[in-house]
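Worksheet: the structure to be examined is printed underneath.
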Amino acid sequence: MFHEERARIARIMREITGAEEVEDGGIHADLATSAAFALAKIERRSPMEIARELGERIAKHPDIGDMRIEVKGPYVNFHFGDSYAEKVLSRAIRERFVEGERKEERLVVEHTSANPNGPLHVGHIRNSIIGDSLARTFRCMGYRAETQYYVNDIGRQIAIVVFGLGKTGIARMDGEKGDHFIARVYIAANRLLEQSEETVEEIDRLMQQVERGDPATVAVFRRAVEDCLAGINETLKALNVIHNRFIWESDFVRNGDVERVIARVKRLPQCHEDGTLYLDLSAEGIEKPYVLKRSDGTTVYAARDLAYHIWKGHNFDRMIDVLGADHKLIGTQLIATLVLLGEVPPVILHFEFVSLPEGSMSTRAGKFVSADDLVREVTEKAFGEVTKRRPDLPEDERWRIARSVAIGAIRYDIVKVSPEKSTVFDWREALDFERQSGPYVQYAHARACSILAKAGEFTPAYELTNEFEVALMKQIGKLPFVMEQVMHELRPHLLAAYARELADLFNTFYRYVPVLKSEGPTRASRLTLVLATRNALREALEALGIDALSSM
RNA sequence: GGGCCUGUGGCUUAGCCUGGACAUAGCGCCGGGCUUCUAACCCGGAUGUCGGGGGUUCAAAUCCCCCCAGGCCCGCCA
């Protein structure tokens with residue numbers, strides 16, 4: 001595997017030069033080092049001369065095996081030896097390719113956690129897709145990763161919904177999803193809110209009642225949140241997004257955790273109570289006060305979030321939160337406070353906003369493209385494409401494929417962009433199933449499956465005879481390395497790029513290298529390569545939450 | 001006004017943290033390829049002041065400083 005070879009060179013470099021200087025060889029080699037430049041400065045000799053000596057010393061190292069060392073100017077290049085193909089392919093054709101031994105570390109990935117005041121829109125699902133892909137990658141690599149949706153069921157937004165349910169007279173339509181119904185109520189309630197100040201007081205009163213635990217109010221809140229959440233969950237399921245648990249914010253109020261953490265916070269010297277209860281974190285470099293209680297004694301989201309994270313910290317070894325860039329300030333405040341309390345802070349992955357061509361999205365203003373609309377449109381387009389290509393298939397089979405293709409297109413389209421980039425939602429791109437897309441990768445997988453289905457039994461062999469086969473095998477060998485990178489850097493888009501490159505290489509191989517028509521050990525080797533490719537594609541797609549179709 | 005993020009061919013985008021050998025790919029454009037394992041495919045071509053300016057370095061898309069443009073945040077919302 002690539003990561004093992006890389007680690008080996010790093011070790012050898014460390015022994016010889018004292019620094020683990022290894023880099024990707026790009027088009028020149030599998031791995032390379034430019035350590036000669038740094039040494040040239042210290043030793044005051046030419047980098048070429050040093051590279052030459054370095055190359056000789058590395059070549060003599062007992063651990064170098066059959067790796068070929070090549071000195072090119074100031075660079076020392078490493079080319080994997082003949083044994084590499086068998087190392088990679090014999091491993092990749094196993095039932096589970098990347099998964100190593102099971103890790104004991106317990107992870108919790110919190111993602112989506114959208115307020116239950118309407119359906120998920122194309123901004124929310126960026127959170128879901130990044131978070132779900134991350135959790136899946138951890139699981140692929142043998143970690144125990146639980147995903148949680150933190151349900152804000154007692155915030156101001158929900159109070160507005162409850163108020164609206166009583167005042168607007170809006171009723172749920174036949175067949176309407178709960179989340180879409182709640183959104184209509186929420187939007188209408190906000191209109192009323194803009195008109196009079198008394199309504200604001202009414203909402204404050206609702207929030208006080210629910211926090212006190214007034215049974216009637218609690219029941220109305222609960223019902224509204226459940227209706228909305230049922231709709232949201234349906235959307236998430238359609239997107240292959242899995243939440244292991246929904247954690248209700250109000251539980252931390254009811255079980256006393258919130259009061260307990262407030263009591264602890266009060267003992268901190270940074271805590272102040274004048275009107276509101278807040279922390280002055282300016283010594284931590286945060287100028288904005290971190291308010292935990294309103295002047296009417298009710299808690300704000302921050303207080304409940306603190307309790308939630310303390311609970312997570314006690315039940316998991318590592319916490320990862322996926323949050324929008326708008327949560328950066330509050331995220332820093334949360335982390336600083338947890339540290340002051342001697343608790344474990346989460347690692348927060350922030351992603352930048354998705355906007356519409358006409359401006360930013362807003363549930364309150366009713367300006368958004370819902371995930372449900374997106375899924376429906378893309379599925380219909382996909383159904384058309386499937387029908388065009390496979391008119392022979394029965395209709396339900398075509399719909400099944402279309403759904404998988406649509407989710408592949410949507411998830412890939414979103415996950416492929418680095419999280420720190422803000423994006424503008426574009427229907428044309430969302431509906432594109434061509435080269436840099438999920439369906440493109442799914443298609444490569446289906447082609448591999450098709451060959452294997454026609455091949456019958458074969459004994460694995462590892463004799464690669466041309467550049468197409470070698471390039472493909474090398475890309476397969478990188479999958480564990482890429483997944484490691486995704487876990488360390490919390491950047492699932494790297495996996496999307498990897499999968500696309502793997503599909504590229506396979507498609508080229510497919511075009512130039514006949515498999516079923518070849519014979520003897522060549523045929524066995526090519527089938528081994530196809531099987532390895534299928535496994536690598538399958539596991540990469542699995543980590544991206546995209547169905548690995550065997551036919552499309 | 002302050003903070004964080006972003007700025008790479010007409011459009012979208014990788015690389016930036018961890019500086020190195022001709023800057024990644026897609027769309028679009030031009031030209032080819034289905035009597036060969038699914039053409040949601042493949043091959044070739046044109047297109048780049050890596051926002052601008054300084055600096056550090058043997059070497060800068062990558063590090064530092066300044067400026068410009070866009071997004072987000074700066075609530076007793078979440």
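Here is how names work: the chains are called A, B, and so on, in the same order as the sequence lines, proteins then strands, and each is numbered from 1.
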Lys/Arg cation over aromatic A/F433: A/K381, 6.0 Å, 45° cone = yes
Which one, B/G28, B/C58, B/C42, comes nearest to the side chain of A/N507?
-> B/C42
What integer number of Å spans the P atoms of B/G44 and B/G54?
-> 39 Å
Looking for any heavy atom pair under 4.0 Å, which part of the strands does A/Y510 touch: base, sugar-phosphate only, or nothing?
-> base
note: A/I330, atom CD1; B/G3, atom C1'; distance rounded to Å ~ 15 Å
Which of these nucleotides, B/U38, B/A40, B/A78, is closest to any side-chain atom of A/R304?
-> B/A78
Sidechain N-carboxylate O distance under 4.0 Å for A/E385, A/R389 | yes
Exercise: do A/N77 and A/E70 side chains pair donor with acceptor under 3.5 Å = yes
Can you find a side-chain donor-acceptor pair between A/S113 and A/E110 that sits under 3.5 Å?
-> yes
Among the nucleotides B/A39, B/A21, B/A78, which one has an atom lying closest to any side-chain atom of A/K72?
-> B/A21
Classify the side chain of A/N77 and the base of B/A21 as holding, or not holding, a donor-acceptor pair under 3.5 Å.
-> yes
Determine, for nucleotides 13-19 of chain B in 5'-to-3' order, which nucleotides have protein heavy atoms under 4.0 Å from the base (write B), from only the sugar-phosphate (write S), or from neither (write -).
-> -SS-BB-
Do A/D280 and A/Y290 have side-chain atoms, one donor and one acceptor, less than 3.5 Å apart?
-> no
Using the P atom in both, what is the distance from B/U24 to B/C50, to the nearest Å?
-> 14 Å
For A/E198, does the CD atom sit with more than 12 other heavy atoms under 6.0 Å from it, leaving out its own atoms?
-> no
Nearest-Å distance, CG (A/L323) to P (B/C77)?
-> 19 Å
To the nearest Å, how far apart are A/W427 CH2 and B/U12 C1'?
-> 18 Å
Looking at the side chain of A/H327, which of B/A21, B/A78, B/C76 is the nearest nucleotide?
-> B/A78
Look at the side-chain N and O atoms of A/R435 and state whether any lies under 4.0 Å from the OP1 or OP2 oxygen of B/C42.
-> yes
Under 4.0 Å from any atom of RNA chain B, heavy atoms only: list the residues of residues 349-364 of chain A that qualify, in numerical order.
-> A/E352, A/S360
Rounded to whole angstrom units, what separation is found between the CD atom of A/E287 and the C1' atom of B/C73?
-> 15 Å
Is the distance from OP1 or OP2 of B/A78 to the nearest side-chain N or O of A/Y301 less than 4.0 Å?
-> no
Checking all strands, does A/V530 fall into the base, sugar-phosphate, or nothing category for heavy-atom contacts under 4.0 angstrom?
-> nothing
Give none if B/U35 has no partner; otherwise give the nucleotide forming a Watson-Crick or G-U wobble pair with it, both distances under 3.5 Å.
-> none
Roughly how far apart, to the nearest Å, are B/A40 and B/U47 at atom C1'?
-> 26 Å
Would you call A/K328-A/E352 a salt bridge at under 4.0 Å N-O?
-> yes
Side chain A/T508 and base B/C42 donor-acceptor under 3.5 Å | no
Between A/D30 and A/R6, is there a side-chain N and carboxylate O pair less than 4.0 Å apart?
-> no
How close or far is atom P of B/C27 from atom CZ of A/F433, stated in whole angstroms?
-> 15 Å
Comparing A/K517 and A/Q333 on RNA chain B - which has the more 5′ nearest nucleotide | A/K517
Length of the line joining A/R294:CZ and B/C76:P, which is rounded to integer Å | 10 Å
Should A/D504 and A/R500 count as an ion pair when the cut-off is N to O under 4.0 Å?
-> yes
Which atom pairs, one a donor and one an acceptor, fall under 3.5 Å between side chains of residues 353-362 of chain A and the rest of the protein, sequence neighbours left out?
unit_1, atom_1, unit_2, atom_2, d
A/S362, OG, A/R364, N, 3.4
A/S362, OG, A/A365, N, 2.9

Tell me which nucleotide among B/A39, B/A40, B/A78 gets nearest to the side chain of A/V405.
-> B/A40
In whole Å, what is the span from the CG atom of A/D204 to the P atom of B/G75?
-> 18 Å
Side-chain atoms of A/R447 come closest, of B/C77, B/C42, B/C41, to B/C41
Please say whether the positively charged group of A/R447, taken as NZ for Lys or CZ for Arg, lies over the ring of A/Y510, i.e. under 6.0 angstrom from the six-membered ring centre and within 45 degrees of the axis.
-> yes
Complementary nucleotide for B/G1 - Watson-Crick or wobble, under 3.5 Å | B/C74
5' precedence on RNA chain B between A/E429 and A/G155 (nearest-nucleotide basis) = A/E429
With P as the reference atom in both, quote the distance from B/G9 to B/C5 in angstrom, rounded to an integer.
-> 22 Å
Spacing of the C1' atoms in B/U8 and B/G2 (rounded, Å) | 29 Å
Looking for any heavy atom pair under 4.0 Å, which part of the strands does A/A32 touch: base, sugar-phosphate only, or nothing?
-> base
Less than 4.0 Å between a side-chain N and a carboxylate O, is that true for A/E397 and A/R400?
-> yes
Taking the side chain of A/S450 as its heavy atoms from C-beta onward, which of B/A78, B/U38, B/A40 lies nearest to it?
-> B/U38
A/L527 CG to B/C37 C1', straight-line distance once rounded to whole Å | 10 Å
Using the P atoms only, state how far B/A23 lies from B/C29, rounded to an integer number of Å.
-> 26 Å
Can you figure out which of B/A78, B/C43, B/A39 approaches the side chain of A/E249 most closely?
-> B/A78
Reckon A/R511 has a side-chain N or O less than 4.0 Å from the OP1 or OP2 of B/C41?
-> no
Side-chain N,O (A/K388) to OP1/OP2 (B/A40) below 4.0 Å | no
Go ahead and name the base partner of B/G44; Watson-Crick or wobble counts if both distances stay under 3.5 Å, otherwise write none.
-> B/C30
Rounded distance in Å between the C1' positions of B/G15 and B/G53 | 24 Å
Regarding the side chain of A/M552, the nearest nucleotide among B/U38, B/C77, B/A21 is B/U38
Salt-bridged, A/E5 to A/K478, with N to O below 4.0 Å?
-> no
Nearest-Å distance once atom C1' is located in both B/C42 and B/G26 | 15 Å
